[in-house]
Asks: 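The structure's right below; bear with me while I get my questions together.
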Amino acid sequence: MRKSTPPDVRAPRDTASATVELEDVPFGRFHLHVAVAGSGGQFSDGYILGIIGIALTSATDDLALNAVWLGLLGAASLAGLFFGSLFSGALIDRIGRHPIFAFDMPLLAALSLAQFWTAAAWQLLLLRLLLGLVLGADYAASKTLVSELAPRKSRGRMMSVLAIAWAAGYTIAYLVGYLIAQTASGDRPWTWMLASSAVPALLVAAARLGVPESPRWLIAKGRAQEAAAMIAAKIGPHVTLPTAPATSSGAPAESGSLRALFAPALRSRTVIACVFYLCHIMPYFALSTFSPRILASLGVHNAYFGGAVYNLLLLVGAVVGMSVIDRLTRRRFLVGSFAVAAVLLLPLGILHDLPITLVIVLFAALAFALSAADTLAFVYPQELFPTRMRATGVGAAVAASRIGASISTFLLPVVVESFGIRTAMTGLVLVLAAGALACYRYAPETSGLKLGSQ
């Protein structure tokens, strides 16, 4: 007769096998809700930023816009993003990720609707700046919250959904603007383009209902019981929580400040996060915002069609980026994406009289490469910083990128008008080369990293 195993011997083994660490929980319905809520915000962000390029083309005569005004309006939201992300990051590390994540979308909707009644360039400039401020806060809050709720093995793909949503919002904004431009029969169709961004913002506000605070932030603030209760309710009681990082006194570590980002322990990571994001986003935004004008300058007669192809390839590139981000090491993806984009852009800067078909092919391939690399911007900065400094670090990286985006978006139409399109393209090639060299020399590897182990 087979001897049965005593119950008291089996119990500990069954209990142990039933528990799982927070970052090793399989992707489930809860994570899907978080991904949809976070990616919805990125869709709305992409839409708001994407609609301005085609709207400005339609608004030029109504608002009497010259090259300087075009640059200012194109860069306004990016400048607002700089201040919003820079100063909201430290606030989010102090008060939590959830307050801003839950309530910024209704404000975006109200500001979007206000653009419909714009009567002067300065009014539109003010609204675009305010939109940028709110978007900057959402960037820091949503990226941080989603990354801290994502399982480790699927973090790259889950965060890449945000990049796809951003590219989808940017692309759909262009297509909606193009449709309005072709079908609108009344005056000032650009006001309908700009006001349409209120629709996704309101839908996202509803989708974010029920998304909780980050358990990592709660634990870092000494609120482990709240974190445990939340995880038990949303995922299950079998999940073990990470421990809070402690100071030398044994108390939970305090949230950092902007100054703490440049302390010896984090200085190099802060610099490379800012340099990577800045060098990536400068060509991304400048080329995307003014794609119809750039293509026209390069001799493409149907610039709107070429711009539509460019924006569609942004979406395709984001999907491909999601499929490879967890298969390549972070460093290989960083350096390789910069190099490929520079090689694709170089012929547009140094060669004359290229066939129109080749110009469109190179421009579309460039959109694909830049968008695939954009998935890194939604993953890599979060992996460089500890929980108590994550939103602050992400906010600083986003702020640095928006400095570059604002400068490149403002300067591109001015440089094209003063020195020609090829000078502008060559300048962007140099930016991409600088990004490749900086990442090759200084970027740390973070593939497979647990967020609490920095």
Side-chain angles (χ1 to χ4, degrees), residues 34-56 74 76-78 80-81 84-85 101 104-113 115 127-128 131-132 134-143 146 158-181 190 192-208 280-281 284-285 287-291 307-322 367-368 370-375 377-378 398 401-402 405 409:
V34 172
V36 169
S39 61
Q42 295 303 311
F43 179 94
S44 186
D45 294 347
Y47 192 103
I48 288 171
L49 293 176
I51 199 68
I52 190 63
I54 193 166
L56 288 180
S77 292
L78 300 175
L81 266 160
S85 57
F101 182 82
D104 56 12
M105 286 294 134
L107 181 55
L108 281 177
L111 292 171
S112 295
L113 283 174
Q115 295 174 105
L127 288 171
R128 299 303 296 183
L131 281 166
V134 181
L135 288 174
D138 185 70
Y139 268 67
S142 62
K143 288 184 177 183
V146 176
M158 187 168 167
M159 296 301 296
S160 296
V161 172
L162 275 67
I164 293 173
W166 193 98
Y170 201 97
T171 301
I172 291 174
Y174 185 94
L175 298 177
V176 169
Y178 179 75
L179 180 63
I180 292 174
W190 55 272
W192 289 98
M193 298 178 194
L194 294 175
S196 67
S197 60
V199 175
L202 289 173
L203 293 175
V204 173
R208 289 186 171 182
H280 164 70
I281 219 68
Y284 189 105
F285 264 99
L287 296 175
S288 301
T289 301
F290 296 108
S291 56
V309 172
Y310 180 92
N311 282 275
L312 285 171
L313 265 293
L314 288 179
L315 179 57
V316 174
V319 173
V320 173
M322 180 184 71
F368 178 89
L370 289 173
S371 186
D374 197 49
T375 57
F378 288 80
V398 172
S401 75
R402 269 48 192 183
T409 306

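Every heavy atom of this structure was used, including side-chain atoms; hydrogens, water molecules and symmetry mates were not.
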Asks: What's the separation between atom CG in Leu107 and atom OG in Ser112, rounded to the nearest 0.5 Å?
Replies: 9.0 Å
Asks: Where is the tightest heavy-atom contact between Tyr47 and Ser196, given as atom of each residue plus distance?
Replies: OH-OG, 2.6 Å
Asks: Could you tell me whether the side chain of Leu49 reaches within less than 4.5 Å of the side chain of Leu131, counting heavy atoms only?
Replies: no
Asks: Please report the shortest heavy-atom distance between Met159 and Val146, naming the atom on each side.
Replies: SD-CG1, 3.6 Å
Asks: Quick one: list whatever passes salt bridge (charged side-chain N to carboxylate O under 4.0 Å, His left out) with Asp138, sequence neighbours left out.
Replies: Arg208
Asks: Determine, step by step, whether Met105 and Ser44 satisfy the side chain to side chain contact (heavy atoms under 4.5 Å, CB included) criterion, reporting the C-alpha distance in whole Å, the side-chain angles of both residues, the deciding distance to 0.1 Å, and the verdict.
Replies: CA-CA 9 Å; Met105 286 294 134; Ser44 186; 4.1 Å; yes
Asks: Does the side chain of Thr375 pick up a donor-acceptor pair with the side chain of Ser160 at under 3.5 Å?
Replies: no
Asks: Test Tyr139 against Trp166 for side chain to side chain donor-acceptor pair (under 3.5 Å), laying out the working first.
Replies: CA-CA 11 Å; Tyr139 268 67; Trp166 193 98; 2.7 Å; yes
Asks: In Å and rounded to the nearest 0.5 Å, what is the CD1 to OG distance from Ile164 to Ser39?
Replies: 9.0 Å
Asks: Side chains of Arg128 and Ile48: does their closest heavy-atom pair fall under 4.5 Å?
Replies: yes
Asks: Just list the side-chain donor-acceptor pairs under 3.5 Å for residues 312-320, sequence neighbours left out, or say none.
Replies:
none

Asks: Would you give the length of the straight line joining atom CZ of Phe101 to atom NZ of Lys143, rounded to the nearest 0.5 angstrom?
Replies: 13.5 Å
Asks: Should the ring pair Tyr178 and Tyr174 be called parallel, tilted or perpendicular, given that the plane angle runs from 0 to 90° and is split at 30 and 60?
Replies: parallel
Asks: To the nearest 0.5 Å, what is the distance between OG (Ser197) and CG (Leu108)?
Replies: 8.0 Å
